[in-house]
Amino acid sequence: MRPTRMLAIFAALSLLLEPLSNLATGMIHLSGGWAPWVLTATALVLVVAITMELRHYRSSEPASVPEPLALDEAARTLAQAVEVQWQREEERRRIHDPFPLPVHWHPAPERLIDHWPNIHRAPGGADPGPLPLAGRLDQITSVYERIPSGRLLVLGSAGSGKTILTLRFVLDRLAVRCDADPVPVIFHLGSWDPTASTVRDWLAGQLIRDYPGLFAPTPNAIELATALVDTGRVLPVLDGFDEISRGLHLPALQALSATTMPMLLTSRPNEYAAAVNTADVLLTAAAGIELDDLTVADLAEYLPRTARRSASASAETRWNPVLDWLAGNPADPRAGKVIGVLSTPLMVTLARINYSDSPGHDPADLLDTQRFPTAHSLRDHLLATFIASVYREPGLGERASLRWRPDQIQRWLGFLASHLDALGTRDLAWWQLGDTISTHTRTLLFAGVAAMVAAVAFGLPLGVIAAPPAGLAGVLVIIVLAGLLAGFAVGAVVWLVEELAIGRRQPARTQLRGQTRQALIMLATMLAMGLVIGLGVGLHDRNSVGGLAAGLAIGLASGPAFVVITGLEAPVDIRAAISTWEVLAFDRKNTIFQLCTGGLVFGLVIGSVGQIDLDLPTTQFPTTSRFGLVPWLVALLAGIFVSLGVLVAKSWGRWLILVRLWLPMTGRLPWQVVAFLNDAHQRGVLREAGAVYQFRHGRIQDFLARGQ
């Protein structure tokens, strides 16, 4: 409903309720009746309606074309950020040490790709025929450039090298990119709900999450991220179609097919084929390739070069006897099992870590049929020993106080994996680490923190002031009541927000800087609202002067806080770093600043006004008290409520209370959470993808989650 219509309805109701309130005054013993409150509510609705109407007017203005030069500069800066990010990730994963695994492929089955004329974008009646798409890892860019539609489907089993291929594709494209070319950006599809957002909206949202500077508006008030996507300056590299939630593969494929944007899409073959067969829908105009299994020859070329030579004259490594036996006995069931397990780059990498990088481990153990009777048990062995191997040595710069026991590491990593499973995602976001804690537990935690803060900061000083007449029992009662009041109020708000699911909290996308016009608008709005509220209070208590003073106090208390908050916020610089902890740092700075401005400024103004002798009713301001500090304590309590409200509403506040306190107290995470996650990233257990972490591979996450 439009705000003007809402206003008209509320105004009509107020007129109808005026005589009813006067009639009811005699029956209900209220000194002021209902009319002042209805008037106040109507005026508040007026303020809100005008604000909403202005926002609607601004959003309905015709969009202008973004400045091409500004978007070109944003795309160039984005390309630099993406290149730095994935170069570091390649180095951390040792993809080029000693050389990349020989990932190669063949054309995908014809039944899973579109008609060749559509792929060629050929006119009606023309049929140019199939494209030569077979190749190896260093040819992925040239293979993609052969496709006129610019849409490529990459199929491969779990661990077959799809992620390595996407990394190489992005970096190779960026190495030869000119300003006219779109920026290849990797998007992990596991978090996309195609029934809730369009492809383009989701892409823009992911860009803003991982590159907060793209939240900055263009001249037509559209975020840079949206403008880059809409103008074709981003080439989506969509990784993990198979990781989209069950039941959403078909709508996801339909949504992707409805677009014409170039893209590279990866998926496991079975999940993609199931989506295609369900409704006979293909990725429109997309060619396809399917990754091959690694062969014994590939293993013989790679694994010996990852291990040290033996001391014998033959200069062989510990891998040579095993690989020679596998090559000479291909029909042996033991050989078939090992070759099948080591047919993917993921398992070869785990085998390298477990045997080439770990002294005293002999890869001949892989042939032990008693320890590993099945391929499944052999894979689980490689996954289990991977964690033990990477944590065998101290981390870079690791202090002795941060040496964790193997059982602790396993438990903490298992919690993170099961947490992601519960959320149905691969993205380990710091602001979501508390989301799997039950609503009741979260409510009690925030209520408890609020109670303790209010009891110490408000109840204790007030109790000391009241000590002579009240005695020790009275002091304790005041402290307990202050804590209970704050705990109940904050707990009720948290429970209401959680139960109603009022939006997922996202970290701040702003930094502190000047925006004068927005600040002045907010100041005027808060002063108007404060005066309206005060007028209603004054009419109720038959004290117009006091009511206006109270309203002025509320406006003056709220206005400066919002002025400082909004007046010093601006979008993060697009050139800013994009690591997960820098996003946390932005949100922490914003939250602390808002705690100070929202709490201290509000409290100071209320306390100052409370000292003015305006002959106000004691129910409004306790200025008649013989204790001059009482107004300041009341102001302190108001500031505490405002600050706790800010803390509860902010991602960093939830991180502080739920992740830094509760989860370590219950043993599910270490006290040094940041150090632990950084260490796991340095060891290669986690990888960084913009503002979030992910497990190195989905199979590692699934294995750790099963152990919980």
Side-chain angles (χ1 to χ4, degrees), residues 105 107-119 121 133 144 147 149-160 162-163 165-166 169 185-207 209 226 229-230 232 234-291 420-427 501 504 689 692 694 697-699 701-702 705:
W105 57 80
E110 294 275 344
R111 61 185 177 83
L112 298 180
I113 64 174
D114 202 358
H115 300 287
W116 286 110
N118 295 340
I119 297 170
R121 301 292 192 191
L133 299 180
Y144 176 80
I147 305 171
S149 66
R151 293 160 73 90
L152 176 62
L153 170 67
V154 178
L155 301 175
S157 59
S160 61
K162 298 187 294 296
T163 300
L165 183 143
T166 57
F169 174 78
V185 181
I186 298 176
F187 299 89
H188 299 277
L189 282 172
S191 62
W192 179 37
D193 181 357
T195 63
S197 61
T198 65
V199 180
R200 294 181 183 273
D201 288 345
W202 179 78
L203 292 175
Q206 295 296 106
L207 282 175
R209 184 199 71 178
T226 302
V229 172
D230 288 345
V234 172
L235 172 59
V237 180
L238 305 176
D239 189 22
F241 175 83
D242 51 279
E243 293 179 358
I244 295 176
S245 299
R246 183 172 299 179
L248 296 179
H249 289 106
L250 179 57
L253 186 56
Q254 291 171 332
L256 293 173
S257 297
T259 69
T260 58
M261 67 173 67
M263 67 178 64
L264 185 148
L265 174 70
T266 74
S267 178
R268 297 183 189 181
N270 292 339
E271 284 78 358
Y272 182 79
V276 168
N277 295 332
T278 299
D280 197 22
V281 177
L282 293 166
L283 184 61
T284 304
I289 60 175
E290 186 169 6
L291 303 185
L420 294 181
D421 275 7
L423 294 181
T425 182
R426 298 292 190 190
D427 294 340
R504 285 206 176 273
V692 300
Q694 296 171 339
H697 194 275
R699 273 198 166 178
Q701 175 184 324
D702 296 339

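For this chain, numbers begin at 1 and follow the sequence in order.
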Take Ile147 and Leu133 through the test side-chain contact (heavy atoms from CB on, under 4.5 Å) and record every step on the way to the result.
-> CA-CA 9 Å; Ile147 305 171; Leu133 299 180; 4.2 Å; yes
side-chain contact (heavy atoms from CB on, under 4.5 Å) assessment of Asn118 paired with Thr284 = CA-CA 8 Å; Asn118 295 340; Thr284 304; 5.8 Å; no
Does the side-chain contact (heavy atoms from CB on, under 4.5 Å) test come out yes or no for Arg426 and Gln701, once each step is laid out?
-> CA-CA 8 Å; Arg426 298 292 190 190; Gln701 175 184 324; 3.2 Å; yes
side-chain contact (heavy atoms from CB on, under 4.5 Å) assessment of Leu283 paired with Tyr272 | CA-CA 10 Å; Leu283 184 61; Tyr272 182 79; 3.5 Å; yes
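Listed for the Ser191 side chain is no donor-acceptor partner under 3.5 Å among the backbone atoms of Thr425. Using modelled atom types, one side-chain atom of Thr266 and one backbone atom of Gly240 make a donor-acceptor pair closer than 3.5 Å. Between the side chain of Lys162 and the backbone N or O of Leu265 there is no donor-acceptor pair closer than 3.5 Å.
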Atom pairs and distances, donor-acceptor, side-chain atoms in residues 199-206, under 3.5 Å, two or more places apart:
unit_1, atom_1, unit_2, atom_2, d
Arg200, NH1, Val229, O, 3.2
Asp201, OD2, Thr198, OG1, 3.1

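Here the CG-CG distance, from Leu112 to Leu153, works out to 7.5 Å after rounding to the nearest 0.5 Å. The distance from atom CG of Leu264 to atom CG of Leu152, rounded to the nearest 0.5 Å, is 4.5 Å. Distance check: Leu189 CG to Ser245 OG gives 11.0 Å after rounding to the nearest 0.5 Å. The structure places CG of Leu291 at 7.5 Å from OG of Ser157, a figure rounded to the nearest 0.5 Å. With rounding to the nearest 0.5 angstrom, the NE2 atom of His249 is 6.0 Å from the CD atom of Glu271. With rounding to the nearest 0.5 Å, the separation of CG in Leu248 from OG1 in Thr195 is 5.5 Å.
Between Leu250 and Thr278, the shortest heavy-atom distance links the atoms CD2-CG2, 4.0 Å. Here the closest non-hydrogen pair linking Asp421 and Ala705 is OD2-CB, 3.2 Å. Taking each heavy atom of Ser267 and Asp242 in turn, the nearest pair found is CA-OD1, 3.4 Å. Contact record, Ala252 with Phe241: CB-CE1, 4.1 Å, taken as the closest heavy-atom pair. Closest non-hydrogen pair, Arg151 versus Thr259, comes out as NH1-O, 3.2 Å.
With sequence neighbours left out, the salt bridge (Lys or Arg N to Asp or Glu O under 4.0 Å) criterion links Asp427 to Arg209. Looking at residues two or more places apart in sequence or on another chain, you find a side chain to side chain contact (heavy atoms under 4.5 Å, CB included) between Ala158 and Arg268, His697, Arg699. When the side chain to side chain contact (heavy atoms under 4.5 Å, CB included) test is applied to Pro262, the partners found at least two apart in sequence or on another chain are Tyr144, Leu235. Residues forming a side chain to side chain contact (heavy atoms under 4.5 Å, CB included) with Glu290 (at least two apart in sequence, or on another chain): His106, Pro109, Leu155, Pro269. For Ala274, the side chain to side chain contact (heavy atoms under 4.5 Å, CB included) test picks out no residue, with sequence neighbours left out.
The shortest distance between side-chain heavy atoms of Trp192 and Leu238 does not fall below 4.5 Å.
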